[in-house]
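When reading the values below, keep in mind they use all heavy atoms of this one structure, side chains included, and skip hydrogens, waters and symmetry mates. In what follows, chains are A, B, ... by sequence order, proteins preceding strands, each numbered from 1. Not measured: the values here are computed from a predicted model.
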Protein chains: 2
Amino acid sequence: MPRRIGLLQVDPTVGDLVGNAVRIEALAKLASDHGARIGVTTELAISGYPPRDLLLQDEFIRLAQDTASNLGVELPVLVGTPIEPSSARQLPSNGVVRAGANKAKPSGEDSIHIVARKQLLPTYDVFDEARYFHPDNRSGIARTIGDLNLGVTVCEDAWQAAGMTPSEYSADPIEHLAEWGRQGVQLDATVNLSASPYHSDKLSSRIQVCRTAAAILGHPFLLANQVGGNDDLLFDGNSLVAWPDGRVVVAPAWQEGVFLVDLDDAEGCTWIPSDAVDALSVGNDALRHLSPGHSGQEYDEHLLEDLTDAVIAGLSDYCRKSGISSVVLGLSGGIDSAVAACIAAAAVGPENVTGIAMPSRHSSQHSIDDARHTAEALGIVFDTVPIDGLHSSVEGSIGGVLNNGHPVASENLQSRLRGLIVMGYANAQGRMAIATGNKSELAQGYCTLYGDMAGGYSPLGDLYKLQVYGLADEFNARAKALGNIVPVNDSTRHKPPSAELAPDQKDEDSLPPYSVLDAILHAHIEDGLDAEAIAQLGFERSQVVEVLTRLERSEHKRWQMSPAPRVSKRAFGQGWRRPLASRHDWRH
Amino acid sequence: MPRRIGLLQVDPTVGDLVGNAVRIEALAKLASDHGARIGVTTELAISGYPPRDLLLQDEFIRLAQDTASNLGVELPVLVGTPIEPSSARQLPSNGVVRAGANKAKPSGEDSIHIVARKQLLPTYDVFDEARYFHPDNRSGIARTIGDLNLGVTVCEDAWQAAGMTPSEYSADPIEHLAEWGRQGVQLDATVNLSASPYHSDKLSSRIQVCRTAAAILGHPFLLANQVGGNDDLLFDGNSLVAWPDGRVVVAPAWQEGVFLVDLDDAEGCTWIPSDAVDALSVGNDALRHLSPGHSGQEYDEHLLEDLTDAVIAGLSDYCRKSGISSVVLGLSGGIDSAVAACIAAAAVGPENVTGIAMPSRHSSQHSIDDARHTAEALGIVFDTVPIDGLHSSVEGSIGGVLNNGHPVASENLQSRLRGLIVMGYANAQGRMAIATGNKSELAQGYCTLYGDMAGGYSPLGDLYKLQVYGLADEFNARAKALGNIVPVNDSTRHKPPSAELAPDQKDEDSLPPYSVLDAILHAHIEDGLDAEAIAQLGFERSQVVEVLTRLERSEHKRWQMSPAPRVSKRAFGQGWRRPLASRHDWRH
């Protein structure tokens, strides 16, 4: 009987214990129907990751632990769940319980079969685990489970051995497990329950972690990773298995399902999509086989494709989990709102998207025509609401203040009138408003608080301007492949970016060319370089300082930004954690 | 020569190393001029607390450490600063260096005299120190500094001994210091460098911590606490000294200055206000002497007075540190905007405050009259901008959508038009807009995103409605004491709360009476009780569930709330950390 393990690549909703239990049970049934001996969920699958301050409620911990332990499953399943502390003055554990074998038993403490507790608690970047959990110091081992003996680790536990954590931990759970092997405890494989967030180029790091662990342990290392979006965090799935010789098989991204791993036959691994009607299913479902030589970085060639799937998955999952069925956004005829509309149409269906053109006295006719083209190409609802009249009415009301004040006030006014109209549609029709700003302009404060920043979700908020152009090309290519009209026409694609809030206004009147701006921002935000270091890359020093100063000054706006899918390694260096001295841009 | 120690109660700006150095040097000079042998700053005084992700920049750590070590001070000063890690793969320390003694030495590593490193790193509530720092395990002792031998601890280090941390730490720095004493190392006193945030009733806890430490150590325990506001965190100062017999002397709150402690004479302790022109100085500067019997809770009788000073200090410090000299807010004639105007006038001066009455078709004449009364009583600028015309124009533009949609859309429209006008003033005149919502309505989502929530700072955002009435009475009492007209007249004080967005609309049509609402919210948010437990307090279960459900649904709004001064123990249970499933209210 083949040694098959089903990695349950689940898309949980944070806090929805019952809903998550149902999803896990459905995936476990698929796994057992296809001959798996054991099921393994992702990290904290029962609560969803990250549960954050729900973990401060003792009742939530108890309920999660009991729900996980008493899942209705045929085969034994290792379930990620918070675990109650052993003493009142201690924190809970981020652990793994065994379900299935103890189905008959009554609920409560005596039915809890704890298999492992997380040892290494990441507390950096988007992680805050030291806030919630007590670190364990014991190896996780599950013996004779489905006739197999397994090492059991949780996410970060595997990263120290590969030396890929920002700072050293005092322990190395992989080395400890290897020591058990050297002492004669033979394990068939080691599993890792993960909730490893997506960012571009993340997959090759994860592959390296698994290969390192498999090589050290001398047996297959299996990683089950969460899929889907929770707030601004995206989880790509890409569950994988690595053998000691370096062979790797990777499951699909952006899809819920079961990755059925045959420990003895890489070719025998299969992917079984979830049969839930509302299951996340974006992109293609092919398994990827890597020979020992391949780093996995070749997948970066397909980055644009993956990035596009990522932002679609992020918005669609945010809407489903928030009970949102339809959205509305402004369509300016520019590249950003056009791409945002493409994402929205793909995420919730064109029939559920309304685009509104809101021409001002500074808008050109081509802006309206281009907006209409995008709407018609996508098949979304299209309305036109001119704001010139409203703009004049407001000028009539506070003209004295505007005329004697800073000209930006009148520019922001137009943007806020548009925000007000979009929100009017949203409130009246029960839609969610979509903000259309990109990372480059948000990083420069080149956007209006309560204006074009208004919205419940910001699909482009972590994409640099040049990446937005890339997505436009990808969406056009996808349309062509289906024989459809391209949603982003040449006029939209090639016109010089403009907010159209003043006569003949161009972004490049206030900002460097986006090719330069994006490079400077990327060097600072993603690579952590300071002005000096960036200037040494060959950029004009004064320009670098200007860009970084605007970045600092716009902090207050970004702090009020709606959730944006995390597709870059750093979202403004965790902007929301920045200090006041650099956080306030009160004028705009 | 008396054994005098100067506790430097400083008001640092996060990130402003040079500015903070200047403030510390000025206070140190005051201390030495008044006969102090040693100066002691607050925790991370050189960087300001909390520096957050500035601590991820190695260059920032190095600069802070060098600046602290090379302060231009006459007397030896113990300075709180981040300290570089000893190895590249380790995190920095939250520590204390000695300045003054090594003034002559050149800058750089060899001039750094490290006295202590923080051992206990709080990572709960508003604290995230495990994210940034490496915990130390050695006692901090400074010998023969100003002819004294001192134990040196940093904030949390003193709280474990009193058993007043949410979960147990494995170490107890106070016990370790006591052990040194038992081994014959005689210390004159132990100092604690703190950045302990304010919330109501916090002072008595701090007094208990210091008394416990003094009793265990058998010598005076001195706590120097940061004062002032950084973002939404307020630090009240209230530096204090406790003797082993339980005597305590407490320095003033909301004032920058030097608390000169005579180790041998409680009556000899004095307060020296900062002589900086822009020094924070709110409330009175009397020292408070507590006999062993007094818990310090008698100061809670004066809570309203202290709360009022707290919100004034919060806004005034936020403005100074953000370079804001003038503000603007809407004046509805209701209690919230009236009290917000009182706070603004006290914080930045009435001449720098503009209040705008923006009557809608649903506003009564008394609303405008009451708004005018508040403005005239405070002596702030008063404008009137009716919004009925604008409201009609928008209805003309999207009437079809509004008429066939949810009625809340038209209500929000009016609120957003007001936000748009207030922001127009702010942008044109370089003012910061003030949001006037209170904690009760924000907790219920009874407010409009991009409407009355618009603004750079929300002075009432952490005050329940009934506390706002309390502040109104306090401001009126202060006006009477000066022989001035009361800013909040009887009409404003006693009218039934109304948003005036629909005919005869009253808050209590949609919400429980505030006396009930506030009690339910307080039980859940501050005391952490769930619906069952609250119902058992005697509230109607269905009403409790309604309130808590609205609290969950309004999470998305609160997440976008402008900074509000932290005056309660919990701000919506760290709302910004709540999961998506409960965070989204996309309709309003």
Q. When rounded to the nearest 0.5 angstrom, what is the spacing between OH in A:Y132 and OG1 in B:T123?
A. 11.0 Å
Q. If every non-hydrogen atom of A:A428 is compared with every non-hydrogen atom of B:A409, which pair is closest and at what distance?
A. N-CB, 3.6 Å
Q. Between A:L417 and chain B, which part of the residue has a heavy atom less than 4.5 Å away: side chain, backbone, both or neither?
A. both
(Q) Need one label for A:L413: side chain, backbone, both or neither, based on atoms under 4.5 Å from any heavy atom in chain B. (A) both
(Q) Heavy-atom pairs under 4.5 Å with chain B: which of A:V401, A:I387, A:D383 has the most? (A) A:V401
Q: Side chain from CB out, backbone as N, CA, C, O: work out which of these in A:V394 comes under 4.5 Å of a heavy atom of chain B, or both, or neither.
A: both
Q | Whether over 12 other heavy atoms sit under 6.0 Å from A:D58 CG | A | no
Q.
So, taking the atom named CG in B:L91 and the one named OH in A:Y124, what distance separates them when rounded to the nearest 0.5 Å?
A. 11.0 Å
Q. What closest approach, in Å, do B:N427 and A:R416 show between heavy atoms, and which atom pair accounts for it?
A. OD1-NH1, 2.9 Å
Q | Value rounded to 0.5 Å, distance of CG in A:L390 from OG in B:S397 | A | 4.0 Å
Q. Taking all non-hydrogen atoms of both residues, which atom of A:A130 and which atom of B:A130 are closest, and how far apart?
A. CB-CB, 3.9 Å
Q: Find out whether A:N412 and B:M423 are in side-chain contact, i.e. whether some heavy atom of one side chain is under 4.5 Å from a heavy atom of the other.
A: no
Q: Give, as side chain, backbone, both or neither, the part of A:T165 having an atom under 4.5 angstrom from any heavy atom of chain B.
A: both
Q: Determine the minimum heavy-atom distance between A:Y450 and B:G455, stating which atoms define it.
A: OH-N, 2.8 Å
Q. Who are the side-chain contact (heavy atoms from CB on, under 4.5 Å) partners of B:E59, not counting sequence neighbours?
A. B:R62, B:L63
**Q.** Part of B:P166 within contact of chain A (heavy atom distance under 4.5 Å)
**A.** backbone
Q: Would you indicate whether A:D527, at its atom CG, is surrounded by more than 12 heavy atoms from other residues, nucleotides or ligands within a distance under 6.0 Å?
A: yes
Q: Indicate yes or no for a side-chain donor-acceptor contact from B:R131 to the backbone of A:D125 under 3.5 Å, with no hydrogens or angles considered.
A: yes
Q.
Could you measure the distance from the CD1 atom of A:I398 to the CD1 atom of B:I356? Nearest 0.5 Å is fine.
A. 8.0 Å
Q.
For B:P85, give me all partners under side-chain contact (heavy atoms from CB on, under 4.5 Å), at least two apart in sequence or on another chain.
A. B:Q90, B:P92
Q: Under 4.5 Å, counting heavy-atom pairs only, tell me which of B:S87, B:P407, B:G405 racks up the most with chain A.
A: B:G405
